[in-house]
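For reference, the structure is listed below as structure tokens.
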Amino acid sequence: MSYLLIKSEPDTFGIDDLRKKKVELWDGVRNFQARNYMLASKVGDLAFFYHSNAKPPGIAGLCKIVEVGVVDPTQFDKKSHYYDPTSPKDNPRWLTIKVEFVEKFENYLSLDDLRKTFSPDDLIILRRGSRLSVTPVDNKVAKRLLTLARKAA
DNA sequence: GCCAACGTTGGC
DNA sequence: GCCAACGTTGGC
């Protein structure tokens, strides 16, 4: 069992949207490193759902990876913002995951909170200039995050 | 294979 | 809306 952290803008798709839809194809990731982290995950792994460009930004909940290596259909959709004309149809470049809602955290873990508790070594998103939309989270760090998120306020 | 220009991300 | 940081592109 391992953990990821995936970012999304709540204005576009937030934890409440995921709760409503239950399962979502994580499309639109157009960064090789982020893609590789997704492909390295396994069905049953968990992912922290991070709200970027939010007020304040932070971790809002948890979801579970229910499928790995799904072809992202938006790469072939000319009308999509994520259309990639250079991706070969017979060997799609952008493979992604499907995630399922698990929980919305009792305590929203704001970026400020995260900085107080964790170091940039613990969490990639705390590193200077880090923009990766999918990052791995160390198991021990993940456990601490879950404790913080579920502890009564 | 270098690197300048450009586009994007995302916190503030 | 600004801008630092970073990835990608394309000329050479």
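In this entry the distance linking CG of A:L5 with C1' of B:dT9 reads 15 Å, nearest Å. Computed from coordinates, the A:D84 CG to C:dT8 P distance equals 11 Å when rounded to whole Å. Atom CG in A:N31 sits about 10 Å away from atom P in B:dT9, given to the nearest Å. Going from atom CH2 of A:W94 over to atom C1' of C:dG7 covers 11 Å, rounded to whole Å. The nearest whole Å value for the distance from the CZ atom in A:R115 to the P atom in B:dC12 is 5 Å. Distance A:L123 CG to B:dG11 P: 13 Å, rounded to the nearest Å. Atom CG of A:L114 is separated from atom C1' of B:dG11 by 14 Å (rounded to the nearest Å). Atom CG of A:L132 is separated from atom P of B:dG11 by 13 Å (rounded to the nearest Å).
Remark: the A:D27 side chain and the A:T96 side chain contain no N/O donor-acceptor pair separated by less than 3.5 Å. Checked by atom type, the side-chain pair A:T74/A:D72 shows a donor-acceptor distance below 3.5 Å.
When distances are taken from the side chain of A:F32 to each of C:dT8, C:dG7, B:dG10, the shortest belongs to C:dT8. Among B:dG11, B:dG10, C:dG7, the nucleotide with an atom closest to any side-chain atom of A:L111 is B:dG11. Here B:dT8 is the nucleotide among B:dG11, C:dT8, B:dT8 with the atom lying nearest to any side-chain atom of A:R131.
A distance-only check finds no donor-acceptor pair linking the side chain of A:Y3 to the backbone of A:V141 [under 3.5 Å]. Side-chain atoms of A:N139 come within 3.5 Å of backbone N or O of A:M1 as a donor-acceptor pair.
The 5' end of DNA chain B is approached more closely, in terms of each residue's nearest nucleotide, by A:H81 than by the other of A:H51 and A:H81. Nearest-nucleotide assignment on DNA chain C puts the 5′-proximal partner with A:N53, out of A:T86 and A:N53.
For the pair A:R93 and A:D84, the salt-bridge criterion is met [side-chain N within less than 4.0 Å of a carboxylate O].
Contacts of A:R30 with the nucleic acid, taken as non-hydrogen atoms under 4.0 Å apart, are absent.
Remark: A:Y82 is not in phosphate contact with B:dT8, judged by side-chain N or O atoms under 4.0 Å from OP1 or OP2. In this model, the phosphate group of B:dG10 is approached by a side-chain N or O of A:K7 to a distance below 4.0 Å at OP1 or OP2.
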